[in-house]
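First comes the structure, then the notes that go with it.
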Amino acid sequence: MCEMSILQPPPAKYGGRHTVTLIPGDGIGPELLNHVREVFRFSCVPVDFEVVHVNSAVETEDDISNAITAIRRNGVALKGNIETKHTMPPSVKSRNSVLRTSLDLYANVMHCQSLPGVQTRHKNIDIMIIRENTEGEYSSLEHESVSGVVESLKIITRNNSLRIADYAFRLAREKGRRRVTAVHKANIMKLADGLFLQCCREVASGYPDITFDSMIVDNTTMQLVSKPQQFDVMVMPNLYGNVVSNVCAGLVGGPGLVPGANYGRDYAVFETATRNTGKSIANKNIANPTAVLLASCMMLDHLKLYDYASLIRNAVLTTMNETRLHTADIGGQGTTSEVVQSVMRIIQIKIFN
Amino acid sequence: HEKNVSLFFNCQVSRVVGTLLKDNPQPRTFIRGIQTVTLIPGDGIGPEISSAVMKIFEAAQAPIKWEKRNVTAIQGPGGKWMIPPDAKESMDRNKIGLKGPLNTPIAAGHPSMNLLLRKTFDLYANVRPCVSIEGYKTPYTDVNLVTIRENTEGEYSGIEHVIVDGVVQSIKLITEQASQRIAEYAFEYARNNQRASVTAVHKANIMRMSDGLFLRKCREAAEKHKDVKFTEMYLDTVCLNMVQDPTQFDVLVMPNLYGDILSDLCAGLIGGLGVTPSGNIGTNGVAIFESVHGTAPDIAGKDMANPTALLLSAVMMLRHMGLHGHAKKIEAACFDTIREKKVVTKDLGGNSKCSEFTDAICQRVKDMD
């Protein structure tokens, strides 16, 4: 789906088969990723998964280091969300965050599109959200300077801001998008968000064919819930990205529908866009596999296995929009396995035609 | 068996006491007479909507006397910017204020007026009740929640540095004291306004120490207010669920930045800043209620403004003062007028003037007596 000229997928191994790191994570991650493997096996996708487990209950960093090494080796990963337990001391950072920063996966890309088969309050939404993924408020630099006073540092750098703005504009141009909106709070955080905004403007001047504007984050959320159709491509620092991507995911139907991708210069990791563990619905066969399946299709596109990607994506969207087999989160009564069976049935029909 | 019986008895007693407390929640007692309130009309459409509110209050015979003041910053001795001393004196005396929209001129040299007011009166809590307005249709119906935002610290501490060229650091400050204060206020508010639950909104999975501290203080306050249900939710989950089903939320308490974003998100759900009330609670019993929309200079003086936001903020003020009867009357008159859609301003879907809209509400209020 996303072909940026600076990022080349790793070359195929023996017999044209790729190896991809798979991190099951917690909650609904393991069961949904199992379904992905099932669908891949059924469709004879030339991808082998190297499974790396990360135990969120231990304090040591060994598991996540192993996962990172595996991703460095394979270049591509598909992951579930790893829980951050609050009972751990604050020195234990979010494992997902560590993974993103260690591999320098600087761009989080999410494409929110209204699906015809899903009932939502707003229609015709088509927004691409590009979120800076490594710095900003997620720097994890905190200290207690005086007892009872905690400082948390938000870091914005010129390099990373230019990099993400550049990514956003190139993606916009490649996809034929007309407008890029930068989301910020520079009226309050004059230096930090001011720097981000300035970098966006600098990059924008190099793309005269694309309109650039900016909007303050609180106004953005207000506009999103009243008129989301006005937005095209949005670029923003880390925390606002978190808010805006969750709002947009909610607008198109919920966390079970939207896939997300994290791109760096050398690596790419695919997951659901809203990164939920879904602990309360784990192992009940009610989770929506759409987001994870679509994320795996994004991964296949990245590996240049376009035909397999289209095959699976088509099957998922047909199940969603035509067969209308929906799980509980979007108002249906189907189970996870029923949806997956339907997907595989459609693939089977396609293959044998 | 005896232990079970006494336990059962204790439960019953506490339940009865709890019910009694719920029926008489107001800790504030105001003298049964005329209460003076500092009125800050503001700029742009401020004066017109303030007059509208005064007119409606007169029609409702609310026991309020207005004391108008101007808060445009002046430079005191030593060059420090401050609000005019007569305005400060009036607020300190009256404790309750109603404010219209204020201009923040860009090159005036002084900080934002809202910021100055906040610092002068230590307005630590920003409270925004968001209730769907029947008659003003939005894609979301049945919204009924309150956002309580810590208003003094957090990400808006204003402490920023350039570390080296091209690297900027912005400091988010969370203190035990401020977090405790806002958490306690949230539970008090829930108790006083018959709200069932309080949800703390945070990102303690990423900001382990800062939001962790905030969360701890919320948990402590929850322990002291066991009659109110307490839950905690990640900011992203709140955003996700809010746009799908806002009815699941009741009172939300959070630090500054999340509060800013979420309170505007919720305002968007019910129709925007033109219909959203807001109140700022400070130490020493000071409370300033305000409309949060802009000064709308393009329609100022043309009798086109919509006074709903300021009116609903004034109603919030009446409730805060314990004048529930008048509050209910005025609020009902306002909602009924909007629901009927016959005499409403342009932004509400009609084409009446501000004065006509005001008169319609006044008439309804009088008819209720």
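Every chain is numbered from 1 and lettered A, B, ... according to where its sequence line falls, protein lines coming before strand lines.
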Per-residue contact mode, A:Tyr240 against chain B (heavy atom under 4.5 angstrom): side chain
Under 4.5 Å from any heavy atom of chain B - which part of A:Val92: both
Within 6.0 angstrom of B:Lys229 NZ, more than 12 heavy atoms from elsewhere: no
Distance-minimising heavy-atom pair for A:Gly250 and B:Leu240: N-CD1, 3.5 Å
Which portion of B:Ser210 sits near chain A, non-hydrogen atoms under 4.5 angstrom: both
Greatest number of heavy atom pairs closer than 4.5 Å to chain B - which of A:Glu137, A:Arg158, A:Glu142, A:Lys85: A:Glu142
Option in A:Asn242, A:Leu153, A:Ile155, A:Thr120 with maximal non-hydrogen atom pairs under 4.5 Å from chain B: A:Asn242
Toward chain A: residues of residues 162-175 of chain B with heavy atoms under 4.5 Å: B:Val162, B:Gly166, B:Val167, B:Val168, B:Gln169, B:Ser170, B:Ile171, B:Lys172, B:Leu173, B:Ile174, B:Thr175
Parallel, tilted or perpendicular: ring planes of B:Tyr234 versus A:His86, cut at 30 and 60 degrees: tilted
Region of A:Asn96 that comes under 4.5 Å of a non-hydrogen atom in chain B: neither
A:Asn238/B:Ile206 under side-chain contact (heavy atoms from CB on, under 4.5 Å): CA gap, chis, key distance, verdict: CA-CA 11 Å; A:Asn238 218 331; B:Ile206 302 289; over 6 Å; no
Spatial distance of atom OG1 (A:Thr221) from atom CG (B:Asp260) [nearest 0.5 Å]: 8.5 Å
Minimum-distance pair of heavy atoms, taken over all atoms of A:Ile188 and B:Glu160: O-OE1, 4.3 Å
Heavy-atom proximity to chain B below 4.5 Å, by part of A:Lys185: side chain
Choice from B:Gln177, B:Glu176, B:Arg208, B:Glu155 maximising heavy atom contacts with chain A below 4.5 Å: B:Arg208
Heavy-atom pair count under 4.5 Å with chain B, highest-scoring of A:Ala249, A:Ser226, A:Gly254, A:Gly194: A:Gly254
Heavy-atom pairs under 4.5 Å with chain B, option from A:Glu144, A:Met222, A:His143 with the top count: A:Met222
Spacing of A:Arg121 atom CZ and B:Thr141 atom OG1 [to the nearest 0.5 Å]: 6.5 Å
Closest-packed option against chain B by number of heavy-atom pairs under 4.5 Å, given A:Asn160, A:Leu191, A:Thr84: A:Leu191
Segment of A:His122 engaging chain B (4.5 angstrom heavy-atom cut-off): side chain
B:Leu257 and A:Leu239, any side-chain heavy atoms less than 4.5 Å apart: yes
When A:Lys190, A:Glu83, A:Lys93 are compared by non-hydrogen pairs under 4.5 Å with chain B, the top option: A:Lys190
Part of B:Leu213 within contact of chain A (heavy atom distance under 4.5 Å): side chain
Heavy-atom closest contact (A:Val225 atom, B:Tyr140 atom, distance): O-CE1, 3.7 Å
Top contributor to chain A interface from B:Leu235, B:Leu262, B:Asp236 [non-hydrogen pairs under 4.5 Å]: B:Asp236
Option that, when pairs with chain A are counted at under 4.5 Å, heavy atom only, ranks first among B:Lys217, B:Met242, B:Met209: B:Met209
